[in-house]
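The structure under discussion appears below in the form of structure tokens.
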Amino acid sequence: MAIVATCLVSLLVCCGLAWWQWDRFTSANGTFQNLGYVLQWPLFGLFPAFMFWRISKLRQKAEAEAEAGTEAAEQRVEPEDKPAVPAPRPRPDVAEAITDEDEELAAYNRYLRELNARDQQAAE
């Protein structure tokens with residue numbers, strides 16, 4: 001219930017600020033920036049109410065999916081002989097990756113190794 005009160009207070013405060021900006025806009029030194037604020041403040045005031053509505057809908061959806069998931073888990077029968085860990089995947093051939101490397105990339109990698117070695121020596 002406190003969240004509803006917070007949403008209402010937010011809306012009232014922001015509508016008051018919109019009214020204040022409207023008074024500033026209609027005064028002699030009002031600008032179109034004030035008019036922009038007149039349009040923005042009510043949206044800022046409605047945002048907490050929108051977020052409350054959105055979060056409640058997401059919570060209802062999550063609860064419905066969890067309920068459906070538990071029902072599906074109860075109906076599903078898993079075989080006993082299924083391994084818990086999947087079989088390892090074959091590793092790509094590392095030698096092929098090195099032979100496919102072009103000469104410019106190989107030179108750049110050698111340069112990076114040299115820089116790393118210099119940094120390691122300087123740190124010691």
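Quick caveat, the model's predicted, so the values are computed rather than measured.
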In terms of hydrophobic clusters joined by side-chain contacts under 4.5 Å, are [X] and [Y] together?
X: V38; Y: F32; value: yes
X: F44; Y: W20; value: yes
X: M51; Y: W53; value: yes
X: F52; Y: F47; value: no
X: F50; Y: W41; value: no

- Query: Closest approach of G45 and P48, non-hydrogen atoms and distance?
  - Reply: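 Heavy atoms of G45 and P48 come nearest at O-CD, 3.4 Å.
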- Query: Any donor-acceptor pair under 3.5 Å linking the side chain of N34 with the backbone of T31?
  - Reply: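 Side chain of N34 to backbone of T31, a donor-acceptor pair under 3.5 Å: yes, one is there.
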- Verify, without hydrogens or angle tests, whether S10 (side chain) and T6 (backbone) share a donor-acceptor contact under 3.5 angstrom.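 No.
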- Message: Please evaluate residues Q21 and F25 with respect to the criterion side-chain contact (heavy atoms from CB on, under 4.5 Å), reporting the C-alpha separation (whole Å), side-chain torsions for both, the decisive distance (0.1 Å), and the verdict.
- Response: CA-CA 6 Å; Q21 287 294 330; F25 173 70; over 6 Å; no
- Without hydrogens or angle criteria, can the side chains of Y37 and Q33 be said to hold a donor-acceptor pair below 3.5 Å?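 Yes.
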- Message: Under the criterion side-chain contact (heavy atoms from CB on, under 4.5 Å), I'd like the reasoning laid out for L35 against W22: C-alpha separation, chi angles, the key distance, then a yes or no.
- Response: CA-CA 7 Å; L35 183 60; W22 178 255; 3.8 Å; yes
- Query: Within a reach of under 6.0 Å around CD of E104, are more than 12 heavy atoms found that belong to other residues, nucleotides or ligands?
  - Reply: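 Check fails, neighbour count at 12 or below.
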Out of curiosity, [X] [atom1] to [Y] [atom2], how far, rounded to the nearest 0.5 Å?
X: L115; Y: Q120; atom1: CG; atom2: CD; result: 11.5 Å
X: E63; Y: L58; atom1: CD; atom2: CG; result: 11.5 Å
X: K61; Y: K57; atom1: NZ; atom2: NZ; result: 12.0 Å
X: L12; Y: L17; atom1: CG; atom2: CG; result: 11.0 Å

